[in-house]
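As the structure lists them, so they are numbered: ligands from 1, and atoms in each ligand from 1. Values reported hereafter were calculated over all heavy atoms of this structure, with side chains retained and with hydrogens, waters and symmetry mates removed.
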Amino acid sequence: MKTDYLSWPTYFMSIALLSSFRSKDRKTQNGACIVTPDNKIVGIGYNGLPNGCDDKDPDFWSDDDEDVLRSKHTYVVHAEQNAIYNSTPFDLKGTAIYATQFPCHICAQAIIQVGIKDVFYLRRKNGKHHEDSFKAVAKMFNASGVSYTDIADIPGYDSDYLDKMSELAP
Ligand SMILES: Nc1nc(=O)n([C@H]2C[C@H](O)[C@@H](COP(=O)(O)O)O2)cc1CO
Ligand SMILES: [Zn+2]
């Protein structure tokens, strides 16, 4: 028997990362994958515009945070939210989400409200704003009994594999 096959955590995070490669965000591509306790994938998503919004309209993908009407942060649906929306036929209670980025406060609210119980993340941004956001999200997750774990801390997770895969980003 082959013994060097992908572990579940490596497999699910790889799928989140692969999905992120579909994103049209020039700066940050994110992906997410939702998994049931018996290891079935029930939702996949990446950060992108809402259905019907034209990717070629420069307002949607602008980085100008001074102008709400011309900032991607106003328009883009986050990877975690798209993974949730794409899994609408399923009851997500008790599932886990594998996300390439630590969730923002809005995604954290969505994660809690649909009953996702475990969050595994690949990366976390540094800096005061992101660290404060992390604290707010942690406060909500702690209150609601949602676990959040750096995937690197999971036994059997192969970080070298994900590092190599990250280099394949288009
Ligand atoms: N957890 C997340 N999931 C996501 O899908 N995103 C998306 C929103 C933007 O399209 C992009 C972040 O852009 P930037 O702030 O690094 O230029 O990633 C962002 C976060 C961070 O909270
Ligand atoms: Zn978010």
Side-chain angles (χ1 to χ4, degrees), residues 9 12-35 41-88 92 95-144 146-154 162 165-170:
F12 295 135
M13 193 56 90
S14 299
I15 286 176
L17 185 61
L18 181 70
S19 309
S20 77
F21 297 164
R22 284 272 314 148
S23 177
K24 299 182 185 76
D25 191 317
R26 273 173 304 181
K27 187 173 156 219
T28 311
Q29 294 183 300
N30 276 314
C33 172
I34 303 177
V35 181
I41 295 172
V42 290
I44 292 180
Y46 56 88
N47 51 325
L49 294 179
N51 290 339
C53 293
D54 182 1
D55 281 300
K56 295 192 183 69
D57 181 334
D59 287 352
F60 289 142
W61 284 116
S62 163
D63 270 329
D64 184 2
D65 280 336
E66 300 299 308
D67 183 351
V68 173
L69 289 172
R70 298 194 71 249
S71 164
K72 67 174 182 181
H73 291 112
T74 306
Y75 300 110
V76 173
V77 183
H78 289 191
E80 300 91 323
Q81 287 171 47
N82 270 329
I84 290 171
Y85 295 140
N86 291 339
S87 65
T88 40
L92 298 184
T95 57
I97 189 165
Y98 290 75
T100 57
Q101 189 83 47
F102 189 81
C104 73
H105 63 290
I106 306 281
C107 289
Q109 292 163 353
I111 286 167
I112 293 166
Q113 295 302 77
V114 298
I116 293 172
K117 278 291 161 223
D118 301 292
V119 176
F120 300 102
Y121 60 92
L122 182 63
R123 306 176 182 125
R124 237 176 74 183
K125 287 194 173 183
N126 297 318
K128 165 101 175 100
H129 168 79
H130 296 291
E131 271 145 35
D132 283 351
S133 168
F134 172 79
K135 281 186 204 152
V137 168
K139 193 175 166 102
M140 287 190 278
F141 281 162
N142 291 339
S144 337
V146 174
S147 80
Y148 46 96
T149 312
D150 184 333
I151 189 89
D153 295 335
I154 299 294
L162 269 283
M165 218 182 138
S166 297
E167 287 169 20
L168 296 174

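- Closest approach of Ser20 and Gly31 over heavy atoms only: CB-N, 3.4 Å.
- Which of Val137, Asn47, Leu49 comes nearest to atom 7 (C) of ligand 1 through a heavy atom is settled by distance: it is Asn47.
- Side chains of Ile112 and Phe141 form a contact here, defined as non-hydrogen atoms less than 4.5 Å apart.
- Only protein N, O or S atoms were scored, and 3 of them lie under 2.8 Å from the Zn ion (ligand 2).
- Considering backbone and side-chain N/O of Trp61, none are found under 3.5 Å from N/O of ligand 1.
- For atom 12 (C) of ligand 1, the nearest protein heavy atom (residue, atom name, distance) is Thr28 CB, 3.6 Å.
- Every atom of ligand 1 is numbered from 1 in the order shown, and the set under 4.0 Å from a heavy atom of Gln101 is 1 (N), 2 (C), 20 (C), 21 (C).
- Between Ser14 and Met165 there is a side-chain heavy-atom pair separated by less than 4.5 Å.
- Looking from atom 13 (O) of ligand 1 to the surrounding protein, the closest heavy atom is Lys72 NZ, 3.2 Å.
- The Val76 neighbourhood of ligand 1 comprises atoms 10 (O), with distances under 4.0 Å to a heavy atom of that residue.
- Residue contacts with ligand 1: Lys125 is included, with a non-hydrogen atom under 4.0 Å away.
- Residues Tyr121 and Met13 share a closest heavy-atom pair of C-CE, 3.6 Å.
- Within the 4.5 Å cutoff, the side chain of Ile154 has heavy atoms near those of the Phe120 side chain.
- For atom 1 (N) of ligand 1, the nearest protein heavy atom (residue, atom name, distance) is Glu80 OE2, 2.7 Å.
- Between Tyr148 and Phe134, the two ring planes are perpendicular [angle over 60°; tilted spans 30° to 60°].
- Residue, atom and distance of the protein heavy atom nearest to atom 15 (O) of ligand 1 are His73 NE2, 2.8 Å.
- The proximity of His78 to ligand 1, defined as any non-hydrogen pair under 4.0 Å, involves the side chain as well as the backbone.
- Residues Trp61 and Asp25 bring no donor and acceptor atom of their side chains to less than 3.5 Å of each other.
- In terms of protein heavy-atom proximity, atom 22 (O) of ligand 1 is closest to Cys104 CB, 3.4 Å.
- Remark: ligand 1 atoms within the under-4.0 Å shell around heavy atoms of Asp25 are 9 (C), 10 (O), 11 (C), 13 (O).
- Ring pair Phe12/Tyr98 is tilted by interplanar angle, where 30° to 60° counts as tilted.
- The atoms of ligand 1 that sit less than 4.0 Å from any heavy atom of Lys27 are 14 (P), 16 (O), 17 (O).
- Residue Phe102 touches ligand 1 through its backbone alone, judged by heavy-atom distances below 4.0 Å.
- The main-chain N or O of Pro58 is never found under 3.5 Å from a side-chain atom of Ser62 such that the two would form a donor-acceptor pair.
- Across all their heavy atoms, Ile111 and Ile84 have their closest contact at N-CD1, 4.0 Å.
- Neither the backbone nor the side chain of Gln29 comes within 4.0 Å of ligand 1, counting heavy atoms alone.
- Donor-acceptor pairing under 3.5 Å is recorded for the side chains of His73 and Asp65.
- Contact atoms of ligand 1 toward Pro103: 1 (N) (distance under 4.0 Å to a heavy atom of the residue).
- Residue Asp67 places its CG atom among more than 12 non-hydrogen atoms of other residues, nucleotides or ligands, all under 6.0 Å distant.
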Quiz item: Stepwise, does the side-chain contact (heavy atoms from CB on, under 4.5 Å) test hold for Glu80 with Cys33?
Solution: CA-CA 8 Å; Glu80 300 91 323; Cys33 172; over 6 Å; no

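- Contact of the Ser71 side chain with the Asp64 side chain is not registered, since no non-hydrogen atoms from C-beta on lie closer than 4.5 Å.
- The protein atom (non-hydrogen) at minimum distance from atom 19 (C) of ligand 1 is Asn30 ND2, 3.5 Å.
- No side-chain heavy atom of Thr95 sits less than 4.5 Å from a side-chain heavy atom of Val35.
- Applying the 4.0 Å criterion to heavy atoms of Ala79 picks out, from ligand 1, the atoms 4 (C), 5 (O).
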